[in-house]
Novice: 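Got a structure for you, written out below as structure tokens; questions coming shortly.
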Amino acid sequence: RAVMGKILGIGIPIAFQDGLIQVAFIIITIIANQRGLNDAAAVGIVEKVISFLFLVPSSMLSTVSALGAQNIGAGKPERAIQTLRYAVMLAAGFGVLASIAIQFTAEGIVSLFTDPSTADGAAVVRFGGQYLRGYIFDCIFAGIHFSFSGYFCACGRSELSFIHNITAIVLVRVPGVYLTSKMFPDTLFPMGLATAAGSLTSVVICLIAYSYLRRRQKKDAV
């Protein structure tokens with residue numbers, strides 16, 4: 001019972017977090033669909049591209065969680081912090097490089113998924129390029145908060161990962177996408193930035209939670 005309680009204590013917040021994140025993406029898709037067929041197609045294409053690029057940031061979550069837990073279990077918490085530090089550097093560095101590259105190649109990438117020679121295809125490429133240029137900055141911030149989420153799980157505090165993700169979704173990501181969708185009907189670029197703003201909010205919350213966790217750990221060590 002004790003072991004199962006620990007497993008569920010870590011697993012349940014992560015399960016709810018992942019489920020609510022998928023719900024948020026469904027809501028964002030609904031918002032995009034209400035803008036018209038071309039906008040919806042552009043958002044759908046960009047979501048697939050982003051899912052591919054996010055393989056690097058998401059892998060950092062698993063890496064930090066596994067290596068961090070091993071080092072903490074071995075009584076070497078400082079090595080877990082080193083793992084977090086290097087993961088953040090790698091993920092953020094990848095995000096910066098991807099963001100720069102996408103600014104010059106966004107339309108070309110979107111055009112791989114549609115026919116730009118037609119009127120509708122050209123519109124999808126244009127809207128998709130706008131959305132991707134804004135959304136790609138999420139790759140920087142997501143890499144950072146994914147790494148922190150892995151560290152929180154390694155410390156057995158997965159509820160911190162749940163809190164920062166849900167807070168960002170409810171307060172920034174979904175409301176931001178909705179508001180920018182209404183305020184900027186002729187471009188998808190602000191909608192892309194709204195998603196990145198959600199991850200930036202997560203990063204801020206993660207830094208606060210990390211500082212709190214470190215203070216508790218130092219106090220317990222004394």
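Throughout, residue positions are numbered sequentially from 1 according to the sequence presented.
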Novice: What is the minimum heavy-atom distance between Pro185 and Lys182, and which atoms define it?
Specialist: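 The answer is CD-O, 3.9 Å.
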Novice: To check you understand the geometry: which heavy-atom pair defines the closest contact between Ile72 and Pro77, and what is its length?
Specialist: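 Looks like CG1-CA, 4.4 Å.
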Novice: Main chain of Gly108, side chain of Ser111: is a donor-acceptor contact present, judged purely on distance under 3.5 Å?
Specialist: yes
Novice: What is the minimum heavy-atom distance between Phe141 and Ala196, and which atoms define it?
Specialist: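 Looking at all heavy atoms of both residues, the shortest contact is CD1-O, 3.6 Å.
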Novice: Quick one: do Leu84 and Met89 end up in the same hydrophobic cluster if we chain Ile, Leu, Val, Met, Phe, Trp and Tyr together by side-chain heavy atoms under 4.5 Å apart?
Specialist: no
Novice: Tell me whether Ile208 is reachable from Ile163 by hopping between hydrophobic residues (I, L, V, M, F, W, Y) whose side-chain heavy atoms are closer than 4.5 Å.
Specialist: no
Novice: Do the side chains of Ile50 and Leu132 get nearer than 4.5 Å, heavy atoms only?
Specialist: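 The answer is yes, as the side chains (C-beta and beyond) meet within the 4.5 Å cut-off.
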Novice: Which is it for Arg173 and Asp138 under the salt bridge (charged side-chain N to carboxylate O under 4.0 Å, His left out) test, yes or no, and what are the steps along the way?
Specialist: CA-CA 11 Å; Arg173 191 181 296 266; Asp138 194 10; 3.5 Å; yes
Novice: The test is salt bridge (charged side-chain N to carboxylate O under 4.0 Å, His left out); show your working for Lys76 and Glu78 and say whether it passes.
Specialist: CA-CA 6 Å; Lys76 299 180 179 180; Glu78 295 303 319; over 6 Å; no
Novice: Taking side chain as C-beta onward, heavy atoms only, is Ser161 less than 4.5 Å from Pro13?
Specialist: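 Result no, sub-4.5 Å side-chain heavy-atom pair not found.
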Novice: Testing Val203, Ile205, Thr201 for side chain to side chain contact (heavy atoms under 4.5 Å, CB included) with His164, which one passes?
Specialist: Ile205
Novice: Could you report the tightest heavy-atom contact between Ala154 and Ser65, atom names first, then the distance?
Specialist: CB-O, 3.6 Å
Novice: Keeping to residues at least two apart or across chains, list the ring-ring contact (aromatic ring centres under 6.0 Å, His included) pairs with something in residues 88-134.
Specialist: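 Sorted pair list: Tyr131-Tyr135.
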Novice: Does Leu53 belong to the same Ile/Leu/Val/Met/Phe/Trp/Tyr cluster as Val46, with side-chain heavy atoms less than 4.5 Å apart forming each link?
Specialist: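 Linked, Leu53 and Val46 end up in one cluster.
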Novice: Whether the side chain of Thr29 engages the backbone of Phe25 through a donor-acceptor N/O pair (distance < 3.5 Å, no angle test) should be reported.
Specialist: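 Such a contact is found between Thr29 side chain and Phe25 backbone.
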Novice: For Phe189, look at atom CZ and say whether over 12 heavy atoms of other residues, nucleotides or ligands are found less than 6.0 Å away.
Specialist: yes
Novice: Measuring from atom CZ of Arg133 to atom OG1 of Thr105, what distance do you get when rounded to the nearest 0.5 angstrom?
Specialist: 8.0 Å
Novice: Apply side-chain contact (heavy atoms from CB on, under 4.5 Å) to residues Met191 and Thr195 and explain how you reach the verdict.
Specialist: CA-CA 7 Å; Met191 282 182 61; Thr195 61; over 6 Å; no
Novice: Is there a path of hydrophobic side-chain contacts, each under 4.5 Å between heavy atoms of I, L, V, M, F, W or Y residues, that connects Val96 with Leu55?
Specialist: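 Yes, Val96 and Leu55 fall within the same hydrophobic cluster.
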Novice: Do His145 and Asn165 come close enough that some side-chain heavy atom pair is under 4.5 Å?
Specialist: yes
Novice: If you round to the nearest 0.5 Å, how far is OH of Tyr178 from CD1 of Ile30?
Specialist: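 Interatomic distance, Ile30 CD1 to Tyr178 OH, rounded to 0.5 Å: 12.5 Å.
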Novice: Quick check: do Leu213 and Tyr151 have side-chain heavy atoms less than 4.5 Å from each other?
Specialist: yes
Novice: Do the non-hydrogen side-chain atoms of Gln22 and Asp18 ever get within less than 4.5 Å of each other?
Specialist: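 No, side chains not in contact.
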Novice: As an exercise, state the distance from OG of Ser211 to CZ of Arg216, rounded to the nearest 0.5 Å.
Specialist: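 Going from the OG atom of Ser211 to the CZ atom of Arg216 covers 14.0 Å.
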Novice: What residues, two or more places apart in sequence or in another chain, satisfy ring pair (Phe, Tyr, Trp, His ring centres under 6.0 Å) together with Phe148?
Specialist: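 Here the qualifying residues are Tyr210.
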Novice: Calculate, to the nearest 0.5 Å, the distance between atoms CG and CZ belonging to Asp186 and Arg126 respectively.
Specialist: 8.5 Å
Novice: Any heavy-atom pair between the side chains of Ile166 and Phe162 that's under 4.5 Å?
Specialist: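 SC-SC contact between Phe162 and Ile166 confirmed.
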Novice: What's the shortest heavy-atom distance between Ser158 and Gly9, and which atoms?
Specialist: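 Nearest heavy atoms, Ser158 then Gly9: OG-O, 3.5 Å.
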Novice: Membership question, hydrophobic clusters at under 4.5 Å side-chain separation (ILVMFWY): are Leu20 and Leu171 in the same one?
Specialist: yes
Novice: How long is the straight-line distance from OG of Ser199 back to CZ of Phe146, given to the nearest 0.5 Å?
Specialist: 7.0 Å
Novice: Does some side-chain heavy atom of Ile10 sit less than 4.5 Å from a side-chain heavy atom of Arg157?
Specialist: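 Not in contact.
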Novice: Report the distance from atom CG of Leu90 to atom CZ of Arg85, rounding to the nearest 0.5 Å.
Specialist: 12.5 Å
Novice: Quick one: which of Val177, Asp39, Ile26 gives a side chain to side chain contact (heavy atoms under 4.5 Å, CB included) with Ile31?
Specialist: Val177
Novice: Are there more than 12 heavy atoms of other residues, nucleotides or ligands under 6.0 Å from atom OH of Tyr86?
Specialist: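 No, because the 6.0 Å sphere around OH of Tyr86 holds 12 heavy atoms or fewer from other groups.
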Novice: Determine the minimum heavy-atom distance between Ala24 and Ile169, stating which atoms define it.
Specialist: CB-CG2, 3.5 Å
Novice: State whether a side-chain donor-acceptor pair under 3.5 Å links Ser117 with Asp115.
Specialist: yes
Novice: If we only count heavy atoms from C-beta on, is the Leu188 to Arg35 side-chain gap below 4.5 Å?
Specialist: yes
